[in-house]
Amino acid sequence: MILYPAIDLKDGQAVRLLRGEMDKATVFNEDPAAQARAFVEAGCDWLHLVDLNGAFAGEPVNAAPVEAILKACNVPAQLGGGIRDMTTIETWLDKGLARVILGTVAVENPDLVREAAKAFPRKVAVGIDARNGMVATKGWAEETNVQVTDLARSFEDAGVAAIIYTDINRDGAMQGPNIEATAALARAVSIPVIASGGVSSLDDLIALRDCGVDLNGAISGRALYDGAIDLKEALTVLKGHESHA
């Protein structure tokens with residue numbers, strides 16, 4: 001199971017939001033590239049980047065810090081937030097991004113997800129953000145009447161690399177992930193599932209790893225910044241388990 005350290009970008013800085021609310025942002029690092037380097041030096045295999053302003057604007061806003069991170073780091077990175085057309089997808093992949101995450105468009109324009117996944121195999125992930133089992137879009141500002149599992153299943157044959165499932169009510173709240181809902185989703189589809197939202201301790205990571213279904217990985221942000229999870233220790237625990245499997 002891969003641990004994806006999260007770098008959420010707002011106004012060029014690395015921040016964390018509480019339950020997705022932009023006015024509840026804590027700045028953790030004014031230099032996102034330095035933050036990314038610190039994660040890589042600790043041994044992470046991937047980075048998870050989010051352009052928070054972009055998610056609301058519907059187009060990339062924090063391109064400069066993302067590019068600085070890509071230049072500074074030699075591990076693959078995935079990015080979500082404001083990626084809503086083929087041109088933006090192509091631009092980011094050309095700049096060295098390993099994977100784009102499509103969230104809002106997965107609901108509003110599923111054909112784009114299919115087209116992109118076909119054009120760029122293994123480079124397109126779907127971000128499904130949910131409140132109480134229902135999908136939310138546009139930086140979580142809008143709720144839909146679409147159920148998580150229905151949306152995920154609709155991409156079963158599209159060739160997407162992964163589904164990143166975020167429980168909004170848990171995100172940044174340090175209350176632990178929604179393991180039940182994440183495991184249920186992973187059982188419902190054959191697409192690899194990445195857990196996001198609320199991962200706040202090593203125990204949470206172990207619980208996700210041992211939830212009875214193989215998850216591709218877990219994303220953690222605030223807990224790494226706060227020191228609630230020691231990245232090196234977490235990677236050792238997760239990798240140690242893999243070598244026994």
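Geometric assessment of R99 against the ring of W92 yields a negative cation-pi assignment under the 6.0 Å and 45° thresholds.
Between the side chains of S196 and T166, at least one donor-acceptor pair of N or O atoms lies under 3.5 Å. Judged purely by distance below 3.5 Å, without hydrogens or angles, the side chains of E156 and S190 pair a donor atom with an acceptor atom.
To the nearest 0.5 Å, atoms CD1 (I101) and NZ (K123) are separated by 13.5 Å.
Applying the salt bridge (Lys or Arg N to Asp or Glu O under 4.0 Å) rule to R131 yields the partners E143; only residues at least two apart in sequence or on another chain are considered. Every side-chain hydrogen bond (donor to acceptor under 3.5 Å, both in side chains) that D85 has, sequence neighbours left out, goes to T88. The side-chain contact (heavy atoms from CB on, under 4.5 Å) search around A25 returns K10, V15, L17, not counting sequence neighbours. Not counting sequence neighbours, D51 has no partner by the salt bridge (Lys or Arg N to Asp or Glu O under 4.0 Å) test.
When the shell of 6.0 Å around CZ of R187 is examined, it contains more than 12 heavy atoms from other residues, nucleotides or ligands. Within a 6.0 Å sphere centred on CD of E30, heavy atoms belonging to other residues, nucleotides or ligands number 12 at most. Counting non-hydrogen atoms of other residues, nucleotides and ligands closer than 6.0 Å to NZ of K232 gives a total of 12 or fewer.
A distance-only check finds no donor-acceptor pair linking the side chain of N62 to the backbone of P65 [under 3.5 Å]. In this structure, R170 contributes its side chain and P177 its backbone to a donor-acceptor pair below 3.5 Å. Judged purely by atom type and a 3.5 angstrom limit, D31 uses its side chain to pair as donor or acceptor with the backbone of A34.
Sorted by first and then second residue, the ring pair (Phe, Tyr, Trp, His ring centres under 6.0 Å) pairs involving residues 183-230 (not counting sequence neighbours) are F28-Y225, F39-Y225. The ring pair (Phe, Tyr, Trp, His ring centres under 6.0 Å) contacts involving residues 192-217 comprise nothing, where partners must be two or more places apart or lie in separate chains.
With respect to the salt-bridge test (charged N to carboxylate O, under 4.0 angstrom), the residues E59 and R84 do not qualify. Residues K239 and D45 are paired through a salt bridge, judged by an N-O separation under 4.0 Å between the basic side chain and the carboxylate.
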T182 vs N178, side-chain hydrogen bond (donor to acceptor under 3.5 Å, both in side chains): CA-CA, chis, key distance, verdict: CA-CA 6 Å; T182 307; N178 191 332; 5.6 Å; no
